[in-house]
There are 2 protein chains.
Amino acid sequence: MAGNIARSQRVNREGSGHLATEDRRTRRTRRALRDALVSLVIEHGYAGVKVEDITEHADLSRATFYGYYTDKDDLLDTVVSDLLVALRRELRPLFSASSEGFTGKPLLKIFQHAQEERDLYRLILRGEGDGRALRQFTEVCTRAGAELFRARAEHLGIAPRLDPELLTQAWAGEWMAVLAWWIEADSPALSPEQATEMLLSLSLRGRYWAAGFDSETAPGSP
Amino acid sequence: MAGNIARSQRVNREGSGHLATEDRRTRRTRRALRDALVSLVIEHGYAGVKVEDITEHADLSRATFYGYYTDKDDLLDTVVSDLLVALRRELRPLFSASSEGFTGKPLLKIFQHAQEERDLYRLILRGEGDGRALRQFTEVCTRAGAELFRARAEHLGIAPRLDPELLTQAWAGEWMAVLAWWIEADSPALSPEQATEMLLSLSLRGRYWAAGFDSETAPGSP
DNA sequence: ACAATTCAATACATCGTGTTCAGTAACGGC
DNA sequence: GCCGTTACTGAACACGATGTATTGAATTGT
């Protein structure tokens with residue numbers, strides 16, 4: 001967060017006609033720092049982790065850290081950004097086939113992805129880093145959700161009865177809260193398939209069906 | 001966050017038979033520190049605010065701060081706890097009358113409360129303080145929501161068709177996301193009544209009604 | 001006006017940060 | 001395999017923020 005020129009550009013100076021293969025040490029170091037950050041933050045909280053803790057856990061010198069990142073914040077931002085491009089890449093193919101039709105494929109993919117990168121997702125969803133990571137994540141997901149809703153509405157020629165932004169926020173908030181709850185559980189009571197299936201039912205049939213009401217004789221909501 | 005004995009107990013040594021009125025200076029100082037924290041965090045983010053910034057903004061000496069709180073964290077925790085007891089007090093009367101029947105009275109109350117304490121709510125919902133404040137808030141709200149759901153189900157003799165914890169998380173996530181979005185808007189496009197009304201409709205009639213579908217010929221969800 | 005206690009101001013030890021640089025080890029390309 | 005290049009080390013340094021302690025002055029409740 002210091003007012004500093006970003007030094008974290010080990011530019012892939014184009015070698016010969018080659019693929020400009022990144023130095024092996026570099027990859028190792030980046031991964032080590034990334035993993036150290038994630039596991040330490042999970043254990044001690046973001047503010048409770050010093051740069052020296054990270055480098056120590058990664059078996060590196062403190063000086064090395066500053067060769068890659070300007071900051072603890074810089075490291076976290078990079079880690080989260082990387083996660084988001086990976087997620088988008090996995091999601092993209094499911095999107096084109098999804099502006100009409102759809103089952104909850106994208107959502108399932110997210111839950112599976114979260115299961116693989118469990119600690120990082122926990123870190124983000126806990127709001128570590130003063131919520132910056134969470135905001136990044138939320139932003140991407142709501143943007144994608146809004147686009148899906150919009151495309152679907154246009155494709156079917158219908159107009160939402162409620163503020164479309166509100167709908168987007170509500171939907172994102174709903175599944176993200178469930179994801180956060182699900183990913184924090186010690187013993188996985190639900191599989192990704194079950195969790196997303198429930199979210200789907202909830203969305204499709206409504207909260208009153210889910211609560212157990214038989215008819216539409218349902219009163220308000222808390 | 002330092003391993004320190006909590007010194008922040010200026011005990012209300014009971015005076016005479018009086019109401020144990022807290023020293024006026026003390027109240028003034030506490031409020032000043034509270035307000036300074038909130039507005040500074042909104043502007044610069046939690047990590048970007050020094051204790052000295054707070055005391056300076058509150059026109060106090062840095063030494064004074066440590067007479068009241070051990071930490072920046074301690075101050076934030078206290079502020080959030082105070083908010084939560086205030087919120088619970090406002091909500092309690094609406095709860096007893098709400099395990100049957102209900103309109104969305106409690107929810108409306110929360111939105112109104114958020115409007116009054118706008119900056120503090122923004123701070124919390126942004127996840128400042130590594131999400132500790134947000135977790136506190138979420139915890140209280142989901143606990144209350146779960147209790148409401150449980151009481152209602154028992155009162156009506158129905159059993160939820162989905163994991164009740166999932167339902168609780170989903171509902172809390174939904175309205176909290178909408179609250180966060182609503183409270184961050186610069187020009188209040190929606191009144192508290194409108195916002196909660198929409199959430200109510202959404203919950204009552206379901207996402208597909210809200211999206212604009214006429215019948216139940218609705219496909220899945222994103 | 002009096003006693004109590006809150007607040008100011010200063011000084012101090014400590015810790016984490018971010019930078020620098022000379023020396024060493026590991027890498028990729030040929 | 002060697003060699004030029006690049007990544008890492010280790011230590012030292014200045015700096016800023018934290019938390020503590022102490023003394024004297026200002027305000028308060030009574």
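Letters A, B, ... mirror the listed sequences (proteins, then strands); counts begin at 1.
- Side chain of B:Ala63, nearest nucleotide from C:dT17, C:dT10, D:dT9: C:dT10.
- Residues that satisfy the salt bridge (charged side-chain N to carboxylate O under 4.0 Å, His left out) test with A:Lys109, not counting sequence neighbours, are A:Glu90.
- Side-chain proximity of B:Ser61 to D:dG10, C:dT6, C:dA8: nearest is C:dA8.
- Using a 30° and 60° split on the angle between ring planes, A:Tyr121 and A:His113 fall in the perpendicular class, above 60°.
- Crowding of A:Arg28 atom CZ: a count of heavy atoms from other residues, nucleotides or ligands under 6.0 Å not exceeding 12.
- Rounded to whole Å, the distance from CZ on B:Arg28 to C1' on D:dA26 is 13 Å.
- One atom, CD1 of A:Ile54, and another, P of C:dT17, lie 8 Å apart when rounded to the nearest Å.
- Side-chain contact of A:Asp74 with A:Tyr66: a donor-acceptor pair under 3.5 Å is absent, judged by distance alone.
- More than 12 non-hydrogen atoms from other residues, nucleotides or ligands lie less than 6.0 angstrom from CD of A:Glu184.
- Rounding to whole angstrom units, CZ of residue A:Phe65 and C1' of D:dA7 are separated by 16 Å.
- B:Thr64 has a side-chain polar atom (N or O) that falls below the 4.0 Å cut-off from OP1 or OP2 of C:dA8.
- Comparing D:dT18, C:dC7, C:dG18 by their nearest atom to the side chain of A:Arg62 picks out C:dG18.
- The nearest heavy atom of DNA chain D to A:Leu60 and to B:Glu52 marks one nucleotide each, and the one closer to the 5' end goes with A:Leu60.
- When heavy atoms are screened at a 4.0 angstrom cut-off, A:Asp59 is found touching the sugar-phosphate backbone but no base atom.
- Considering only side-chain N and O atoms, B:Tyr66 lies nowhere under 4.0 angstrom from the phosphate OP1 or OP2 of D:dT20.
- The side chain of B:Arg25 approaches D:dT27 more closely than any other nucleotide in the set D:dT27, D:dT18, C:dT17.
- Contact between the side-chain N/O atoms of A:Tyr68 and the OP1/OP2 oxygens of D:dA7 is not found at any separation under 4.0 Å.
- What separates CZ of B:Arg30 from C1' of C:dT5 is a distance of 14 Å, to the nearest Å.
- Separating the CD atom of A:Glu22 from the C1' atom of D:dT5 is a distance of 16 Å, rounded to the nearest angstrom.
- In this model, the phosphate group of C:dC7 is approached by a side-chain N or O of B:Thr29 to a distance below 4.0 Å at OP1 or OP2.
- Between the P atom of C:dG16 and the CG atom of A:Asp53 lies a distance of 8 Å, rounded to the nearest Å.
- A straight line from CD of A:Glu56 to P of C:dT17 spans 13 Å, rounded to a whole angstrom.
- Rounded to whole angstrom, the span from the CG atom of A:Asp23 across to the P atom of D:dA7 amounts to 6 Å.
- For the pair A:Arg24 and C:dG28, the criterion of a side-chain N or O lying under 4.0 Å from OP1 or OP2 is met.
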